[in-house]
Amino acid sequence: MQAVAVRDRAAGVEGMSLTEVPYPHVAENDVIVRVHAAGFTPGELTWPGTWTDRAGRDRTPSVPGHELSGVVAELGYGTTGLSVGQRVFGLADWARDGSLAEYTAVEARNLAPLPADVDHTTAAALPISGLTAWQALFDHGRLTAGQTVLVHGVAGGVGSIAAQLAREAGARVIGTGRAGDRDTAVGLGVDAFVDLQADRLEGVGEVDLVLDVIGGEVQERSAPLVRAGGTLVTIASPPEFRPRDGRAVFFVVEPDRVRLTDLVRRLRDGRLKPIVGEVRALAEAPAAFAPGRHVRGRTIIRIMDGG
């Protein structure tokens, strides 16, 4: 089958190529998914799981991409709750071959049923961004109605969903980004927008929660804004800067079938809309990983039409 694979860690994006790889093995409690659309995170080529398995052994050539939407093609021994031919979406394991392939093996518990009226491209943009936003705001950030949240990268995949979820929860939302992101932020219903290149971030005042997707200087400038008892939640890296009288939390998103089902319900109700910035063919996936690209929302790789 065809897939995008990486072989040389030092080569980075230049080492990615569309190639033939073996059809995946279906283990106990796995399913094989015929992938229709896939999402990825540009930083994957720096993740240890892209290059080694859980025991630290080299597993190249490996297939990146961890979000997928498609159709169940095969069930592993003991797999329950899903059926062959069923539409599904979800997360592939971090330390196994991923979703930039025609077929991939996924633990059944990491997938949720996909309703027939949700297209695969939209569904593939939801798992990482949606689960990350929810877990950051509510599981780690403990956001409640009436509080104020500062969402960095509000026009991006995680930030745009976080803004929508926070607004629905009754929070005041301040979004940040580049000047060109302002209209997108306003369309998401933010209460205020800060251009990180031109505006004073310090002018937003105190906030109850910061969602940091950038790290570095932005994290340093954000930590003092957290009021006593508040939280800085980051997905960029373990925090270098912490609020004086609050918490700092770093986390990696976890699969959650129940929450995926809830997120897709919100999407169908019109309460949630992932932003898809680009849709590319599988052969174009390596170019989509190029460093320095700025795309509002998510880039999705379309692997198969229909379904």
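Computed from a prediction, not measured in an experiment: that's the story for all the values here. No hydrogens, no waters, no symmetry mates; every other heavy atom, side chains included, goes into these values.
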Check whether the side chains of H66 and T41 place a donor and an acceptor atom closer than 3.5 Å, and report yes or no.
no
Backbone of D30 reached by a side-chain donor or acceptor of T79 within 3.5 Å:
yes
R221 to L201 - nearest heavy-atom pair and separation
NH2-CB, 3.4 Å
Only counting residues at least two apart or in another chain, list the ones meeting ring pair (Phe, Tyr, Trp, His ring centres under 6.0 Å) with F250.
none
When rounded to the nearest 0.5 angstrom, what distance separates CG in D212 from CG in L150?
9.0 Å
R247 side chain to V233 main-chain N or O, any donor-acceptor pair under 3.5 Å?
no
Any heavy-atom pair between the side chains of V210 and V207 that's under 4.5 Å?
yes
For the residue pair D119 and T122, confirm or rule out a side-chain donor-acceptor distance under 3.5 Å.
yes
Same cluster (ILVMFWY, side-chain, under 4.5 Å), V213 and W47
yes
Output for pair (I303 CD1, L68 CG), nearest 0.5 Å, gives 8.5 Å
Would you say the side chains of R7 and T60 form a donor-acceptor pair under 3.5 Å?
no
Is any side-chain N of the basic residue among D262 and R259 closer than 4.0 Å to the acidic one's carboxylate O?
yes
With sequence neighbours left out, write down each residue that passes side-chain hydrogen bond (donor to acceptor under 3.5 Å, both in side chains) with R109, or none if nothing qualifies.
E107
When you compare the side chain of V158 with that of L211, does any pair of heavy atoms fall below 4.5 Å?
yes
With E20 via side chain to side chain contact (heavy atoms under 4.5 Å, CB included) - residues at least two apart:
Q2
Does one side chain, of S69 or H36, offer a donor that lies under 3.5 Å from an acceptor on the other?
no
May I ask whether V106 and V253 are part of the same hydrophobic cluster, defined by side-chain heavy atoms of I, L, V, M, F, W, Y residues being less than 4.5 angstrom apart, directly or through others?
no
Are L18 and V35 joined in one hydrophobic group, where the rule is that I, L, V, M, F, W and Y side chains link up if heavy atoms are under 4.5 Å apart?
yes
Think R182 forms a cation-pi with F193, using NZ or CZ under 6.0 Å from the six-ring centre and within 45 degrees of its axis?
no
Suppose we screen for side-chain hydrogen bond (donor to acceptor under 3.5 Å, both in side chains). Which residues come up paired with R172, at least two apart in sequence or across chains?
none
Does any part of the side chain of F138, heavy atoms only, come nearer than 4.5 Å to the side chain of L165, both counted from C-beta?
yes
Derivation and outcome, side-chain contact (heavy atoms from CB on, under 4.5 Å), residues I32 and Y23:
CA-CA 9 Å; I32 301 294; Y23 184 85; 3.3 Å; yes
In terms of heavy-atom contacts, V149 and A171 come closest through CG1-CB, 4.5 Å
Rounded to the nearest 0.5 Å, what's the gap from OG1 on T184 to CG on L188? Could you check?
7.0 Å
Given 3.5 Å as the limit, does a donor-acceptor pair link the side chain of E14 with the main chain of A11, or not?
no
Is any side-chain heavy atom of V31 closer than 4.5 Å to one of V26?
no
Got a donor-acceptor contact below 3.5 angstrom from the T299 side chain to the A288 backbone?
no
For the residue pair V21 and P61, establish whether any side-chain heavy-atom pair is separated by less than 4.5 Å.
no
Less than 4.0 Å between a side-chain N and a carboxylate O, is that true for D191 and R167?
yes
In Å, rounded to the nearest 0.5 Å, how long is the span from CG of L267 to CG of L114?
9.0 Å
So which heavy atom on P255 is nearest to which on N110, and how close?
CB-OD1, 3.3 Å
Check: R242 side chain, V249 main-chain N or O, donor-acceptor pair, under 3.5 Å
no
Can you tell me how far CH2 of W51 sits from CZ of R9, rounded to the nearest 0.5 angstrom?
7.0 Å
Taking everything shown except R302 itself, do over 12 heavy atoms lie less than 6.0 Å from its CZ?
no
Can you give me the closest heavy-atom contact between V6 and P64, atom names plus distance?
CG1-CG, 4.1 Å
Quiz: residues 125-135 side-chain donor-acceptor pairs under 3.5 angstrom, not counting sequence neighbours:
| from | atom 1 | to | atom 2 | distance (Å) |
| --- | --- | --- | --- | --- |
| S129 | OG | R298 | NH1 | 3.2 |
| T132 | OG1 | I128 | O | 2.6 |
| Q135 | OE1 | E254 | N | 3.2 |
| Q135 | NE2 | E254 | O | 2.9 |

Take atom CD of E217 as the centre, draw a 6.0 Å sphere, and report whether it contains more than 12 heavy atoms from other residues, nucleotides or ligands.
no
Kindly compute the distance separating NE2 (H152) from CG (L196), expressed to the nearest 0.5 Å.
6.5 Å
Is any NZ, NE, NH1 or NH2 atom of the basic residue among D93 and R54 found under 4.0 Å from an Asp or Glu carboxylate oxygen of the other?
yes
Whether D97 and R59 form a salt bridge (side-chain N of Lys/Arg under 4.0 Å from carboxylate O of Asp/Glu) is what I want to check.
yes
Can you get from I300 to M304 by hopping between Ile, Leu, Val, Met, Phe, Trp and Tyr side chains that sit under 4.5 Å apart?
no
Counting only heavy atoms not in R142, do more than 12 sit closer than 6.0 Å to its CZ atom?
no
Parallel, tilted or perpendicular, as decided by the 30° and 60° cut-offs, for the rings of F40 and F289:
parallel
pair M16-L45: side-chain heavy atoms closer than 4.5 Å:
yes
Measure the shortest side-chain to side-chain distance between P115 and R87 over non-hydrogen atoms and say whether it is less than 4.5 angstrom.
no
Hey, does the side chain of E28 reach the backbone of G76 with a donor-acceptor pair shorter than 3.5 angstrom?
no
Salt bridge present between R178 and D195 (N-O < 4.0 angstrom):
no
Closest non-hydrogen atoms of Q219 and S237, given as atom of the first, atom of the second and distance, are NE2-O, 4.4 Å
What's the shortest heavy-atom distance between G98 and T104, and which atoms?
O-OG1, 2.8 Å
Tell me, do V154 and S160 make a side-chain contact under 4.5 Å, heavy atoms counted?
no
Can you give each donor-acceptor pair under 3.5 Å made by side-chain atoms of residues 270-279, sequence neighbours left out, with the distance rounded to 0.1 Å?
| from | atom 1 | to | atom 2 | distance (Å) |
| --- | --- | --- | --- | --- |
| R271 | NH1 | E168 | OE2 | 2.8 |
| R271 | NH2 | D269 | OD2 | 3.0 |
| E278 | OE1 | R280 | NE | 3.1 |
| E278 | OE1 | R293 | NH2 | 2.5 |
| E278 | OE2 | R293 | NH2 | 3.3 |

Check whether V71 and L91 end up in the same hydrophobic cluster, where Ile, Leu, Val, Met, Phe, Trp and Tyr are linked by side-chain heavy atoms less than 4.5 Å apart.
no
